[in-house]
Amino acid sequence: MSSDTGAEDLYLGVKLQLTEQDGWLPEMSLVPQMSVPTGHDTFSAGEVLPGLNWLYGWDVVEGISTAGSTQINRSIDEDGSTYYEIAQSWTVGYTFTEHWGGYTEAFALFPSGATASLPEYYFDGGFIFPITSDLQFDVRGGVGLNDAAADYFVGTGVVIRL
């Protein structure tokens with residue numbers, strides 16, 4: 001049995017607010033995004049891969065929110081050909097204290113025009129630590145739910161509001 005370790009490509013995005021929540025109308029944002037080839041050779045695409053993410057969410061009750069994400073991203077198949085990957089997620093967020101929150105999420109990746117890549121299904125969760133109103137740190141981990149998905153993953157992130 002072998003395993004690979006190392007960092008993935010850097011993921012960059014800019015969140016642009018479209019609407020605030022107004023009753024049943026969700027808060028919505030668009031995120032132009034891209035991955036930049038900075039990762040370990042095993043996990044790097046070797047080129048910039050652009051995409052667009054549409055985020056929408058609702059505060060349900062004090063301390064609980066729900067949200068979705070629909071995105072399309074350029075991707076590279078095992079044979080080096082490019083295709084578009086559609087991703088869909090649904091999240092439930094929890095605010096535990098002013099300085100600690102969490103979430104659970106189900107998401108799927110659907111390759112469109114891929115020669116080898118298959119749909120992948122995942123479940124994950126994580127914790128969010130707001131440091132200031134403009135700086136947030138998070139940790140996450142998840143599991144794959146089908147044979148095409150990775151067995152598990154872990155990660156960290158930083159969000160900076162400018």
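Side-chain atoms are counted along with the backbone in the values below, which use heavy atoms only and exclude waters and symmetry mates.
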Next item on the list: Could you check Thr70 against Tyr56 for side chain to side chain contact (heavy atoms under 4.5 Å, CB included), going step by step and ending with a plain yes or no?
Entry: CA-CA 9 Å; Thr70 304; Tyr56 36 92; 2.6 Å; yes
With a 6.0 Å cut-off (strictly less than), is the heavy-atom count around [atom1] of [X], excluding the residue itself, greater than 12?
X	atom1	result
Phe43	CZ	yes
Gln33	CD	yes
Tyr152	OH	no
Asp134	CG	yes
Asp79	CG	yes

Looking only at side-chain N and O atoms, does [Y] offer a donor or acceptor that is under 3.5 Å from a partner on [X]?
X	Y	result
Thr104	Tyr94	yes
Ser75	Asn73	no
Asp59	Ser65	no

Kindly compute the distance separating [atom1] ([X]) from [atom2] ([Y]), expressed to the nearest 0.5 Å.
X	Y	atom1	atom2	value
Ile72	Ile86	CD1	CD1	5.0 Å
Leu55	Leu16	CG	CG	10.5 Å
Trp90	Ser69	CH2	OG	10.5 Å
Asp138	Thr156	CG	OG1	7.0 Å
Asp22	Glu27	CG	CD	12.0 Å
Arg140	Ile128	CZ	CD1	10.5 Å

Minimum-distance pair of heavy atoms, taken over all atoms of [X] and [Y]:
X	Y	result
Leu118	Ala148	CB-CB, 3.9 Å
Pro111	Ser117	CG-O, 3.4 Å
Ser81	Thr115	OG-OG1, 3.7 Å
Pro26	Thr19	O-OG1, 2.9 Å

Next item on the list: Evaluate the side chain to side chain contact (heavy atoms under 4.5 Å, CB included) criterion for residues Lys15 and Val159: first the C-alpha distance (whole Å), next the side-chain angles of each, then the deciding distance (0.1 Å), finally the verdict.
Entry: CA-CA 11 Å; Lys15 188 175 185 181; Val159 176; over 6 Å; no
Following the transitive rule for hydrophobic clusters with a side-chain heavy-atom cut-off under 4.5 Å over Ile, Leu, Val, Met, Phe, Trp and Tyr, establish whether [X] and [Y] coincide in one cluster.
X	Y	answer
Leu12	Ile160	no
Leu162	Phe137	yes
Leu135	Phe129	yes
Trp100	Ile64	yes
Ile131	Phe127	yes

Using atom types as modelled and distance alone, determine if a side-chain donor or acceptor of [X] lies under 3.5 Å from a backbone N or O of [Y].
X	Y	value
Ser112	Tyr83	no
Trp58	Gln21	no
Asn146	Tyr121	yes
Thr66	Thr91	yes
Gln17	Met28	no
Asp9	Ala45	yes

Identify every side-chain donor-acceptor pair in residues 34-41 under 3.5 Å, counting partners at least two apart or on other chains, and give the distances.
from	atom 1	to	atom 2	distance (Å)
Thr38	OG1	Leu10	N	2.8
Thr38	OG1	Val36	O	3.3
His40	ND1	Thr42	N	3.1
His40	ND1	Thr42	OG1	3.2

Check: Within a strict 4.5 Å, meaning less than it, do heavy atoms of the Arg74 and Tyr84 side chains meet?
Finding: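 With C-beta onward as the side chain, the pair touches.
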Note to self: Within the 4.5 Å heavy-atom criterion, are Leu109 and Tyr122 side-chain neighbours or not?
What the structure shows: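 A side-chain contact under 4.5 Å exists here.
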Checklist line | Worked check of side chain to side chain contact (heavy atoms under 4.5 Å, CB included) between Gln88 and Phe107 | finding: CA-CA 6 Å; Gln88 182 62 53; Phe107 70 94; over 6 Å; no
